[in-house]
Number of protein chains: 2
Amino acid sequence: MKSYKQRCGLAKALDLVGDRWVLLIVRELLIRQGCRFTDLKNGLPGIATNLLSARLKELEASGVIRRQEEPPPIATTLFHLTDRGRALEPAVQLLGAWGAPLLSKSRKEDAVLAHWIVLPLRQHLRDHTPNAPPVAVELRSEGQPIVISAAAGTLEVHLNSAQNPRAIVKGSSIQILSLLLGKTELKAAQSGGVQITGDLNAVRRFAPDSASPAARSGRET
Amino acid sequence: MKSYKQRCGLAKALDLVGDRWVLLIVRELLIRQGCRFTDLKNGLPGIATNLLSARLKELEASGVIRRQEEPPPIATTLFHLTDRGRALEPAVQLLGAWGAPLLSKSRKEDAVLAHWIVLPLRQHLRDHTPNAPPVAVELRSEGQPIVISAAAGTLEVHLNSAQNPRAIVKGSSIQILSLLLGKTELKAAQSGGVQITGDLNAVRRFAPDSASPAARSGRET
DNA sequence: CCGGATCCGGGTTGATACTG
DNA sequence: CAGTATCAACCCGGATCCGG
């Protein structure tokens, strides 16, 4: 698209990332560093391949992403965010948070991909017993599983399989997100179709409910 | 533009404010609540009137702005942000901050409007002697003057004339911004063409330099 | 002047087909 | 898998016009 030609930080930012699809491409790369072209295409339902190709070239030229030829056994090129691109995360998170209330009006025709819950999880998930031993929980809906790993007060949310999960949560991504962000109680989630195997307390560590010890220690009573 | 049709907060936000010009319209309204159509047009060099008109309708329909018919003596309609629209400020500020480094590569053909420095001032300006008595400083370049008012640790930056400014700073908006954000020393700014009348210490309160008392009290030595 | 509405040429997007 | 090619539909920018 054309530049706004305004000497203003916002206008300059939009010159680079204001085009259609661009911030969604950044979202995909924030969720999963090292995407193949096809991964991006699958994560962006509706995008045309020529447009994706053109955007990737523009983003590379402006220093937001970097393409990296991988030798076998991958034998393809992976797209990464540069440091500069990763610096967009706070702005992307804030815009996403602003749009979150609109999700309630989401239409049935809207696409839903499970990995889109990674960004809200990274922003809002809390470890309510940070001094407890490290633990990993795996989330499974469609597509690649998501791993939450908590250790020493730090929390990471990634897109891949856990080596040794203390619990596995299966269900629709929407229900899992609602559970982990405390909008649904654990029992309600379970009767709504969420299946949890393994240590229930590992889940309660992030989603304390009224019956959980973390709820008592994490709440100021 | 068309909806992305993705159940994702970021995508929903971009459905509303991702269209061309939209975030710049929001910027104008953040700087100056209560804009006339013509004020917006002047603040957005390059926009076509039909596009501005269409965007305003869409933004009103989506609850981001509100139009208000004013009786005489104004006798026109003013556009305001709603609370929901004002909630975009953090995201807009973050995007603008991300784009700020690109300003150094700004072309000569880029438009420059003095009031665009209001957002960076609001974000970065600091009162280095918050316990001192209230004070107002007026900034003058082209267009409407800008007023900084500091009182009891709070800082406000507005677009209009001060009742009783302790100091008046005249110069190009870029130089003034550079001075107030501490990138230029006061003396260097003055020899660069910035004229200050009134109490120099009122300016030093925001832009302490090596010779200023605020520099010593505000710095951890 | 203010606040648009209308029209038009050119550029961008979206959908699909095709290729190495 | 990773794009390129093609083409219709749509959108944008610029100019013009018009009622208060």
Side-chain angles (χ1 to χ4, degrees), chain A residues 1-6 11 14-25 28-29 32 34-61 65-80 109-111 144, chain B residues 1-6 11 14-25 28-29 32 34-61 65-80 109-111 143:
Chain A
M1 209 175 315
K2 263 173 56 175
S3 162
Y4 288 110
K5 294 185 181 170
Q6 298 186 0
L14 293 173
D15 281 347
L16 297 194
V17 300
D19 284 359
R20 192 157 164 79
W21 291 108
V22 168
L23 280 183
L24 296 185
I25 294 173
E28 289 300 311
L29 290 168
R32 170 178 17 179
C35 274
R36 293 173 303 173
F37 187 91
T38 308
D39 296 330
L40 290 170
K41 181 166 134 57
N42 292 337
L44 300 165
I47 198 173
T49 57
N50 59 346
L51 214 19
L52 177 54
S53 171
R55 292 292 185 258
L56 290 172
K57 279 176 194 162
E58 295 163 12
L59 285 171
E60 189 184 7
I65 71 172
R66 162 175 56 88
R67 81 175 62 204
Q68 192 167 336
E69 310 283 337
E70 298 286 349
I74 302 182
T76 184
T77 90
L78 295 184
F79 295 91
H80 296 261
E109 54 180 0
D110 285 356
Q144 250 187 292
Chain B
M1 212 176 311
K2 264 173 57 177
S3 163
Y4 288 109
K5 294 185 180 168
Q6 299 185 1
L14 293 174
D15 282 346
L16 296 194
V17 300
D19 285 359
R20 192 157 164 79
W21 292 108
V22 168
L23 280 182
L24 295 184
I25 294 174
E28 289 300 311
L29 290 168
R32 169 179 18 181
C35 275
R36 294 174 303 172
F37 187 90
T38 308
D39 296 330
L40 290 170
K41 181 166 135 56
N42 292 337
L44 299 165
I47 197 172
T49 58
N50 58 348
L51 214 18
L52 177 54
S53 172
R55 292 292 184 259
L56 290 171
K57 279 176 193 160
E58 295 163 10
L59 284 171
E60 189 183 8
I65 71 171
R66 162 175 56 89
R67 77 175 66 204
Q68 191 167 336
E69 311 282 337
E70 299 286 347
I74 303 183
T76 184
T77 89
L78 295 184
F79 296 90
H80 296 260
E109 54 181 1
D110 286 357

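A note on names: the letters A, B, ... follow the listed sequences, proteins ahead of strands, and every chain is numbered from 1.
- One finds a side-chain N or O of B:T38 lying less than 4.0 angstrom from the OP1 or OP2 phosphate oxygen of C:dG3.
- In this pair, A:F79 and A:F37 present their aromatic rings tilted. The plane angle is within the 30 to 60° band.
- We find that NZ of A:K41 is positioned 11 Å from C1' of D:dC1, with the value rounded to whole Å.
- If you take CZ of A:R67 and P of D:dC1, they are 17 Å apart, rounded to a whole angstrom.
- Under a 4.0 Å N-O distance rule, the pair A:E60/A:K57 does not qualify as a salt bridge.
- Distance B:Q6 CD to C:dG14 C1': 15 Å, rounded to the nearest Å.
- When atom types are taken as modelled, the side chain of A:Y4 and the backbone of B:L44 share no donor-acceptor pair closer than 3.5 angstrom.
- If you find the closest nucleotide of DNA chain D to A:L78 and to B:D19, the one lying nearer the 5' end belongs to A:L78.
- Atom CG in A:L24 sits roughly 15 Å away from atom C1' in C:dT13 (whole-Å rounding).
- Atom C1' of nucleotide D:dA2 and atom CG of A:L44 are separated by 15 Å, given to the nearest angstrom.
- Taking side-chain N and O atoms only, A:S53 has a distance below 4.0 Å to OP1 or OP2 of D:dT4.
- In this structure, the CG atom of B:L52 is 10 Å from the C1' atom of C:dG3, given to the nearest Å.
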Practice prompt. Could you go through the side chain to side chain contact (heavy atoms under 4.5 Å, CB included) check for A:L40 and A:L29 one step at a time?
Written response: CA-CA 8 Å; A:L40 290 170; A:L29 290 168; 4.2 Å; yes

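- The distance between atom CZ of A:R36 and atom P of D:dA2, rounded to the nearest whole Å, is 6 Å.
- For A:L56 and D:dC1, the CG to P distance is 16 Å, given to the nearest whole Å.
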Discussion item. For nucleotides 13-20 of chain D, give me one character per nucleotide, 5' to 3': B if any protein heavy atom sits under 4.0 Å from the base, S if the only such contacts are to the sugar-phosphate, - if neither.
Written reply: BBB-----

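- Of all nucleotides listed (D:dC1, C:dG3, C:dT13), D:dC1 comes nearest to the side chain of A:T76.
- A distance-only check finds no donor-acceptor pair linking the side chain of A:R55 to the backbone of A:D19 [under 3.5 Å].
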